[in-house]
Amino acid sequence: MNSTKMYLVRNGVESPTSLTFVRVAKSFFARLVGLLSRKSLPDNEGLLITPCASIHTIGMRFTIDVVFLDKQNKVLAISKGIKPFRIAIAPRGTVSVLEVSDGNVKKTGIHLDDTLLFD
């Protein structure tokens, strides 16, 4: 995956009700900044942080949903409604984290044990 390209995320089990375009943060700086420079996150956008073992929302201005993924992009855990100034520790086996706007996990139909496809 390339950090300059936007990816369409699809649920490998079933088609989501809405689609998310994802920017990939691979470099140290991109992972460090993450969504901190944003005032909000549209429902059709997300940020995939890789590698990543935990996230924080310290300094963020909005609430997010977080999807923890293993190396095959299988959903290991989902944390919904993470408010600013919180920390979320990833479960064992997490390789990357998908951050989407609050409520977007439900809208996209992402569930535990799904495998996400980044096209």
Could you walk me through whether Phe68 and Leu98 pass the side chain to side chain contact (heavy atoms under 4.5 Å, CB included) check? CA-CA 7 Å; Phe68 298 96; Leu98 176 64; over 6 Å; no
Can you find a heavy atom in the side chain of Asp113 that is under 4.5 Å from one in the side chain of Val75? no
Could you check whether any side-chain heavy atom of Thr50 comes within less than 4.5 Å of a side-chain heavy atom of Val95, counting everything from C-beta outward? yes
Atom of [X], atom of [Y] and distance for their closest heavy-atom approach:
X: Ala25; Y: Leu47; result: CB-CD1, 3.9 Å
X: Glu99; Y: Ile49; result: OE2-CD1, 3.5 Å
X: Cys52; Y: Ser54; result: SG-O, 3.1 Å
X: Leu112; Y: Leu76; result: CD1-O, 3.0 Å

Which residue, Asp114, Val97, Thr115, Leu116, forms the side-chain contact (heavy atoms from CB on, under 4.5 Å) with Leu69? Leu116
Against Ile55, only a single residue in Ile82, Ile87, Ile89 fulfils side-chain contact (heavy atoms from CB on, under 4.5 Å); can you say which? Ile82
Roughly how far, to the nearest 0.5 Å, is NZ of Lys106 from CD1 of Ile78? 12.5 Å
Check for a donor-acceptor pair, side chain of [X] on one end and backbone N or O of [Y] on the other, with a separation under 3.5 Å.
X: Thr94; Y: Ala90; result: no
X: Asp65; Y: Gly81; result: yes
X: Thr57; Y: Met60; result: no

Inter- and intrachain pairs under salt bridge (charged side-chain N to carboxylate O under 4.0 Å, His left out), touching residues 79-94, at least two apart: none
Decide whether Ser101 and Asp43 meet the rule of one side-chain donor and one side-chain acceptor closer than 3.5 Å. yes
Stepwise, does the side chain to side chain contact (heavy atoms under 4.5 Å, CB included) test hold for Asp102 with Phe62? CA-CA 8 Å; Asp102 184 30; Phe62 54 94; over 6 Å; no
Could you check Val105 against Val67 for side chain to side chain contact (heavy atoms under 4.5 Å, CB included), going step by step and ending with a plain yes or no? CA-CA 8 Å; Val105 164; Val67 180; 3.7 Å; yes
If you measure from the Lys or Arg side-chain nitrogens to the Asp or Glu carboxylate oxygens, is any gap between Glu45 and Arg38 under 4.0 Å? yes
